[in-house]
Amino acid sequence: MQNSLLIDKDLYYVGGNDRRIPLFESAYPVPRGVSYNSYLLSDEKTVLFDTVDQSVSQEFFENVESALGGRSLDYLVVHHMEPDHSASFEGIVSRYSNVKVVVNQKTAVMLKNYFSCDLPELVTVKDGDSLSFGKHNFRFVFAPMVHWPEVMMSFDETAGTLFSADAFGTFGALSGSLFADETSFREEFLDDARRYYFNIVGKYGVQVQNVLKKAAALPIKKVCPLHGPVWREDFNWYLKKYDTWSKYEPEEEGVVIFYSSIYGHTGNAAEILGSALAENGVVKVRTYDTSYTHYSELLSEAFRYSHAVFASPTYNNGIFASMEQFLNELVSHNYQGRAYSLIENGSWAPQAAKLMREKLSPLKGMREIGESVTVLSSVKEDTKEKLIKLAKEIALDFKN
């Protein structure tokens with residue numbers, strides 16, 4: 001049964017939720033599921049904005065048919081070609097054979113790469129071009145590498161609605177209301193939104209900044225992303241988050257401790273440091289075991305806070321595997337502009353700190369606080385004193 005929902009007097013939500021998906025893009029755990037958003041405008045011409053993932057395609061087709069109310073589909077706008085938004089393309093084309101597809105040049109190439117069906121008439125637009133569908137006039141805003149090269153957004157100049165592709169999206173299925181202002185977004189979605197941003201889009205901060213500059217010039221009243229709730233109130237608050245994130249600035253002042261531990265001794269050092277930080281007045285301290293917490297969450301937390309501590313055993317003459325994987329993720333996602341400290345462990349040839357430093361030092365704006373602390377097998381009294389000293393140095397950096 002269809003579940004199309006009215007957003008505005010002539011704009012419908014026709015997407016759906018997948019609550020069974022274990023991993024988004026076969027990479028990121030989504031315990032709260034994910035929404036695949038699609039929208040239909042019923043103007044003098046009918047316009048569908050993107051399709052959906054195969055997992056919700058049957059409901060999607062019913063939603064589109066219901067929202068059309070017996071009319072034919074005139075246009076399909078493809079903002080983004082990633083399959084979670086284009087997998088149902090062939091199904092739409094086969095059902096509405098006279099539909100015209102609005103694309104840019106890069107999208108047109110990708111359509112041919114993905115699909116073997118005969119393509120309908122393509123309407124190719126350039127950055128800044130406009131199309132009128134009746135009462136509503138749309139301007140197209142290109143957003144290359146946010147986060148694919150063909151991505152574009154469209155802005156309804158009549159209603160003030162931005163169709164933002166993957167930008168401003170989030171993990172998490174929608175429950176009931178479509179609108180961010182009818183959810184407790186900061187409690188329910190912000191962590192998922194941050195994790196979504198840094199894992200999916202975060203590498204492309206410069207490109208996001210370019211798009212934010214374009215968005216700042218638009219009189220936006222509503223934002224319709226391809227994942228997560230629709231924004232119609234307090235969008236500037238979320239926009240500021242994106243501005244902070246894409247500048248690689250810390251969202252919060254605090255220390256996040258990342259450790260890997262084989263038999264618990266490196267973990268013990270991390271816990272001692274965390275307690276010492278709190279005793280020295282650092283209010284926000286978060287501690288994670290890299291072998292237990294998924295790297296997508298670790299990545300999000302690393303970008304969230306101003307200071308980080310990395311603690312690893314020396315293993316096979318290198319960094320312990322889970323820590324090394326995490327550090328590689330940080331490097332590939334342009335981690336930068338943070339203060340960090342190092343703890344290593346080893347029973348005969350500790351060198352994890354040296355190797356971690358080699359990975360982090362070349363990153364832009366990174367600075368190390370204090371001397372690295374070496375644990376020789378297990379924490380002894382003298383090692384604990386060094387951890388307490390390091391905590392004091394980190395706490396002093398906050399004050400300075």
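All values reported here derive from a predicted model rather than from experimental measurement.
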Quick note, ring-ring contact (aromatic ring centres under 6.0 Å, His included) partners involving residues 59-78, not counting sequence neighbours, are Y75-F133

Applied to residues 325-370, the ring-ring contact (aromatic ring centres under 6.0 Å, His included) test, sequence neighbours excluded, yields F258-F326, F303-Y335

Are any non-hydrogen side-chain atoms of [X] and [Y] less than 4.5 angstrom apart?
X    : Y   : value
L119 : F89 : yes
S86  : H80 : no
D43  : K45 : no

With R232 as partner, the option from D8, T161, D181 fulfilling side-chain hydrogen bond (donor to acceptor under 3.5 Å, both in side chains) is D181

**Prompt:** Checking R195 side chain against L298 main chain: does a donor-acceptor pair fall under 3.5 Å?
**Reply:** no

Review point. Taking S261 for the side chain and T266 for the main chain, is one N or O donor matched with an acceptor at less than 3.5 Å?
Key: yes

Note: S116 and E90 closest approach over all heavy atoms is N-OE2, 3.8 Å

Scanning both residues in full, the closest heavy-atom pair of T374 with P350 reads CG2-CG, 3.9 Å

A quick test of your reading: do over 12 heavy atoms of other residues, nucleotides or ligands sit less than 6.0 Å from CZ of R139?
no

Does the side chain of E150 pick up a donor-acceptor pair with the side chain of T107 at under 3.5 Å? no

